[in-house]
There are 4 protein chains.
Amino acid sequence: MRRKEGDKASEILNAAIRIFARDGFDKAQVSAIAAVAGVGTGSIYLYFTGKTNILHIIFSRFWDHLSQEMATLQNRDPLFRLNDQLGLFFDHLAADRDLARVYLREHHRFLETATAQERHGYAAALETGRAAFLEIATGRGDGSPQPDQVGMDLSQAFLFGGVRSALEFLLSSDIPAEKVRSNMLTMAMAGILAATRRPER
Amino acid sequence: MRRKEGDKASEILNAAIRIFARDGFDKAQVSAIAAVAGVGTGSIYLYFTGKTNILHIIFSRFWDHLSQEMATLQNRDPLFRLNDQLGLFFDHLAADRDLARVYLREHHRFLETATAQERHGYAAALETGRAAFLEIATGRGDGSPQPDQVGMDLSQAFLFGGVRSALEFLLSSDIPAEKVRSNMLTMAMAGILAATRRPER
Amino acid sequence: MRRKEGDKASEILNAAIRIFARDGFDKAQVSAIAAVAGVGTGSIYLYFTGKTNILHIIFSRFWDHLSQEMATLQNRDPLFRLNDQLGLFFDHLAADRDLARVYLREHHRFLETATAQERHGYAAALETGRAAFLEIATGRGDGSPQPDQVGMDLSQAFLFGGVRSALEFLLSSDIPAEKVRSNMLTMAMAGILAATRRPER
Amino acid sequence: MRRKEGDKASEILNAAIRIFARDGFDKAQVSAIAAVAGVGTGSIYLYFTGKTNILHIIFSRFWDHLSQEMATLQNRDPLFRLNDQLGLFFDHLAADRDLARVYLREHHRFLETATAQERHGYAAALETGRAAFLEIATGRGDGSPQPDQVGMDLSQAFLFGGVRSALEFLLSSDIPAEKVRSNMLTMAMAGILAATRRPER
DNA sequence: CATGAATGAGGTTTCATTCAT
DNA sequence: TATGAATGAAACCTCATTCAT
């Protein structure tokens, strides 16, 4: 009588996403997660060190998976690659709206309290995006020896914020994900181009 | 024997912003707010119905002020007007980093639980931005009778998300606000243009 | 623009009876009493030492008045006198149902915490009843030198309990006070007779 | 490793009776109950929904037990049966003076706030007494087709009030319970007879 | 490994009382 | 006298975490 897939830890993570999405992290009760996961309350602590740890692992796994998939995107054109990366990020969250909800409301906790180890996948994903960005900037470069790193990081952040809002929009409306996705990417691409365009002479 | 500046309610709101920024809404203690405000714990309840109400009023006042200032922006070119609006939004939050922090982490609670009355300023600000957006879309229009409203709302959301991330970036770095602001606006403008551009023939 | 009758203290006492009847002593708020009395909250403390003191004075005045009226009952037959006394007690509370409610629920606090001074009227009323009782017992006596004082006190208490329940009954029904009163007195008289009857030979 | 006697819920109820008797319901602290019961404060809420619920269950159990025992009283003479019922009521409370104290001061809360379910035993006890009363009234009847129901209810209430006062008397004196009991029943019987006696021709 | 009964620290809110005006 | 804004102590209840079984 095995559960659909994966071990008990995954069951718990999955249940936690539902509960965090419904109640928010602070109001969420560990016992509720256990109930949804179909395990005893105490069993949670066999797999996780506590409620916060569950949240960390949720995002840790999310970013691990995402960064791995991002690494497989091989489009030669860095602009399209970045486009694909953002699309992938959007798709992963659009596919699990509860997870998206948790991302929107609780991801800051992950960044604030997770260990470097737990943030590894996140850092990797960020770096992958950064690489594409750099390639765009230098590729268009006509010799510019020092692309503005700060500006690039900010641009990258800006795009993430845009995708974030697109997800928020998706959750609060009945618009098909595909339409939101394409609109969102249109703006993102334009933003990238603007950000990497060299200041007028 | 008046208080330093403003009434006691404002003192409490101000203190709450500091505490919410430091501890987050859920962990924030009313007694800590009272201590920072220099009033007795019970006095909080003379001015507010509870902790949640304080949060609502913080954002309610913020949006009321902002929407009023946004209404004064009179640039004839809607694109520049929108640019000014986003800048204004950014400036208000960049000027009070604790408030920005609270905005980033707790604004969703405001949208989820505040009354329509409390959300009035927010709605007004949104509408002001929407109007500029519509003007851009139709102004550029060559007869297009029905600008895509959903697309416009999404674009607006996208921009807010971008500004949001710019603020997040600002808080986590030592970059001067001015630099973040200009970079952010560059991307925003490019996004707007892309969003309102008619699909290629 | 004087109030109907009496001074501010009486207004407060009257208001307190309404509030105590409605909310119970513990839940009753001093500010609510002040509001009903039409005075400022702080003014309460010009006339009374606190909430408990108000309760004490309510009952103190009640018993003072009652004991004085009881002293005027001059029926020569002690049985009828006792009957009149119980009737008087009933009438006073039946005439002010809020006061009756307060009596039913809070009188024990008066006995437990009031000073001897405050309980003076109560003691006097009790003594008046006791005297009638004793007269009945000895009057019927055929030489019994020592009427059973304990038994008499208990009998008196029993009667008070009966009247108490009659009042409770009155408050929870629509029966006319007069009917309740007469039924109640019928039982009381029978009880008295039984209590003072000498054990069968 | 079982607890001394009974389950933890009973321990808590027992402790609550002591604390309610000592401090009154409103002043009683849940933590004090827990301490006396020898459990953690939080454990209270595993067995009861709150402080009020504890009070309800105390009286609910009391009346359940009492009504069951009352049902076993089989004296053919309804007068003696009623006598036994009152005696039983007295005995149960005289046997636990703290419970008696709680009854005297807090029973009205039970009647005012308990659910019909919780009041079931109370209603049953009342009905048992009513039945005996009716039997007395009709048994003595010489054809009276409609005994005065209101008068009977009032008489029953009167008796309960008398027993109530007897208990109050018992608590405030050193008189042996047995003496209080017999005196009390003497008066009660006389009252019943008077109440059920047909008005003189 | 698994459980869930038990714990107790901790926080929001109420309200009797005070006192500056 | 009269006021009512201000106070702050106090208490119910929740829930993350533990541990005996």
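Chain A is the first sequence line, chain B the second, and so forth, proteins listed ahead of strands; every chain is numbered from 1.
For Y47(A), the side-chain atoms get nearest to dC1(E) when compared with the rest of dT3(F), dA6(E), dC1(E). Ranking dA5(E), dT3(E), dA5(F) by closeness to the L46(D) side chain, first place goes to dA5(E).
The environment of NE2 in H92(B) is crowded: more than 12 heavy-atom neighbours from other residues, nucleotides or ligands sit within 6.0 Å. The number of heavy atoms from other shown groups lying within 6.0 Å of CD (E112(D)) is above 12.
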How does protein reach along nucleotides 10-15 of chain F, written 5' to 3' as B (base within reach of a heavy atom under 4.0 Å), S (only sugar-phosphate), or - (no contact)? -SSBBS
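I44(A) places its CD1 atom 15 Å from the P atom of dC1(E), with the value rounded to the nearest Å. The NZ atom of K8(D) sits 13 Å away from the P atom of dA20(F) (whole-angstrom rounding). The distance from atom CD1 of I12(C) to atom P of dT1(F) is 12 Å, rounded to the nearest whole Å. Between the CD1 atom of I19(C) and the P atom of dA16(E) there is a distance of 11 Å, given to the nearest Å. Following rounding to the nearest Å, D7(B) (CG) and dA6(F) (P) show an atom-to-atom distance of 10 Å. Between the C1' atom of dA2(F) and the CZ atom of F48(C) lies a distance of 15 Å, rounded to the nearest Å. Atom CG in N53(C) sits about 14 Å away from atom P in dA16(E), given to the nearest Å.
Summarising the base pairing, dC15(E) is matched to dG8(F) through a Watson-Crick or G-U wobble pair whose two defining distances lie under 3.5 Å. Remark: dA20(E) base-pairs with dT3(F); criterion is Watson-Crick or G-U wobble with both hydrogen-bond distances under 3.5 Å.
Remark: the W63(C) side chain and the H107(C) side chain contain an N/O donor-acceptor pair separated by less than 3.5 Å.
The salt bridge (charged side-chain N to carboxylate O under 4.0 Å, His left out) test with D98(A) singles out one residue from R18(A), R105(A), R22(A), and that residue is R18(A).
Taking the six-membered ring where the residue is Trp, F110(B) and F59(B) present tilted rings, their angle falling between 30° and 60°.
For the pair R109(D) and E106(D), the salt-bridge criterion is met [side-chain N within less than 4.0 Å of a carboxylate O].
Seen from the ring of F25(C), K51(C) counts as a face-on cation partner, given the 6.0 Å and 45° thresholds.
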